[in-house]
Amino acid sequence: MSAEPRFLDARAYHAAPGFLGHLLDELGEVERVDGELVLAPGPERRAYWTRNVWRAPFLLEFGSIGDAVRALKGLQRNWAPLPTRLHRRTALIAEKLPHVPTKPKAFPFELPMAPMGTFQLVDEHLLLGSAECSNPFPNGEFKFVEDREGPPSRAYRKIWEALVFAGRLPKAGERCLDAGSAPGGWTWALAGLGATVVSVDRAELDPRVAAMPGVEHRIGDALAMKPDDVGPMDWVCSDVICYPPRLLEWVERWLESGLGRNFVCTIKMQGADFDKATADRFAAIPGSRVLHLWHNKHELTWLLIR
Ligand SMILES: C[S@@+](CC[C@H](N)C(=O)[O-])C[C@H]1O[C@@H](n2cnc3c(N)ncnc32)[C@H](O)[C@@H]1O
């Protein structure tokens, strides 16, 4: 039996782990929810709390596992399974599809260019899939070789992931501001790329990071510091814990000054709330993006790369 995909006028939104509630609040009317995958009718809607968006979802009725595999392979090479039910059958299909590399990569690396499709079984003979997805990693999982010795905190994973999505790295000789830097994971990552870093926190840096070449640490309130106090920066980074509107004010001051070029800032949600209004104001800054990274917890990442 030859299986043909039936494309849907909908998008499927795969929630960032643990944030299905926020995603459902953002989306409004939806059609169905399978595990953390939400199918919502119509064109793509702005949704921050996703790990992946299925941009061209289709239903595929199939007879045998071989039929499903042939139909998926006929659409494109790479498919990642999202097993929410019928785990064994999902695995049998996945095993017969071309191998998708899942080995963690060593930073720095580029975003994969090859499209990554995803599928899940709705029942034994029906599959929901999408060849086009927003995230090039299988189910949005950003895997890389971790450094468990160098950085003093695991927060470095966020800046590494943000830089891979930015498609640009701080270079030797570029100046970075790292606001809310202690104990120094981000400063370690930036200085490790050869950039010079002005690191600002109310607390001290880990001494090993403070001693890295190109690192200058200033103790104080990073949000009270004016752009003129530190001068032009190729990268303005913040991981400060503060209310999102406070971060936005600070970012706006930097943008008005014209002294900052690229920005990587964590928008940290306070308590259980999601400050959607402020996230939308960040997203409205021309040329910028608001993402939930694999290594973000109850926070979003704002990127402006110029
Ligand atoms: C999540 S931690 C940063 C972790 C850091 N990015 C790393 O990689 O190790 C947040 C930091 O923000 C600092 N912080 C909070 N408010 C601040 C402010 N107004 N000015 C400077 N630092 C602040 C805290 O002291 C804390 O070290």
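All ligand and atom numbering here is 1-based and tracks the order in the structure. Note that the numbering runs from 1 along the sequence shown for the chain.
- With hydrogens and angles left out, the side-chain atoms of Thr301 and Asn296 include a donor and acceptor closer than 3.5 Å.
- A side-chain donor from one of Ser288 and Trp302 sits under 3.5 Å from a side-chain acceptor of the other.
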Between ligand 1 and the protein, which N/O pairs fall short of 3.5 Å?
residue  : atom   : partner : partner atom : Å
ligand 1 : 6 (N)  : Asp239  : OD2          : 2.8
ligand 1 : 8 (O)  : Ser153  : OG           : 3.4
ligand 1 : 8 (O)  : Gly185  : N            : 3.0
ligand 1 : 8 (O)  : Trp186  : N            : 2.9
ligand 1 : 9 (O)  : Ser153  : OG           : 2.8
ligand 1 : 9 (O)  : Pro183  : N            : 3.4
ligand 1 : 9 (O)  : Gly184  : N            : 3.1
ligand 1 : 9 (O)  : Gly185  : N            : 2.9
ligand 1 : 16 (N) : Arg202  : NH1          : 3.4
ligand 1 : 19 (N) : Asp221  : OD1          : 2.8
ligand 1 : 20 (N) : Ala222  : N            : 2.8
ligand 1 : 25 (O) : Asp201  : OD1          : 2.7
ligand 1 : 27 (O) : Ala182  : O            : 3.1
ligand 1 : 27 (O) : Asp201  : OD1          : 3.4
ligand 1 : 27 (O) : Asp201  : OD2          : 2.8

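- More than 12 heavy atoms of other shown residues, nucleotides or ligands fall within 6.0 angstrom of atom CZ in Arg45.
- Between Thr266 and Glu299, the side chains place no donor N or O within less than 3.5 Å of an acceptor N or O (distance only, hydrogens not considered).
- Among residues two or more places apart in sequence or in another chain, the side-chain hydrogen bond (donor to acceptor under 3.5 Å, both in side chains) test is passed with Glu216 by Arg218.
- No more than 12 heavy-atom neighbours from other residues, nucleotides or ligands sit within 6.0 angstrom of CZ on Arg6.
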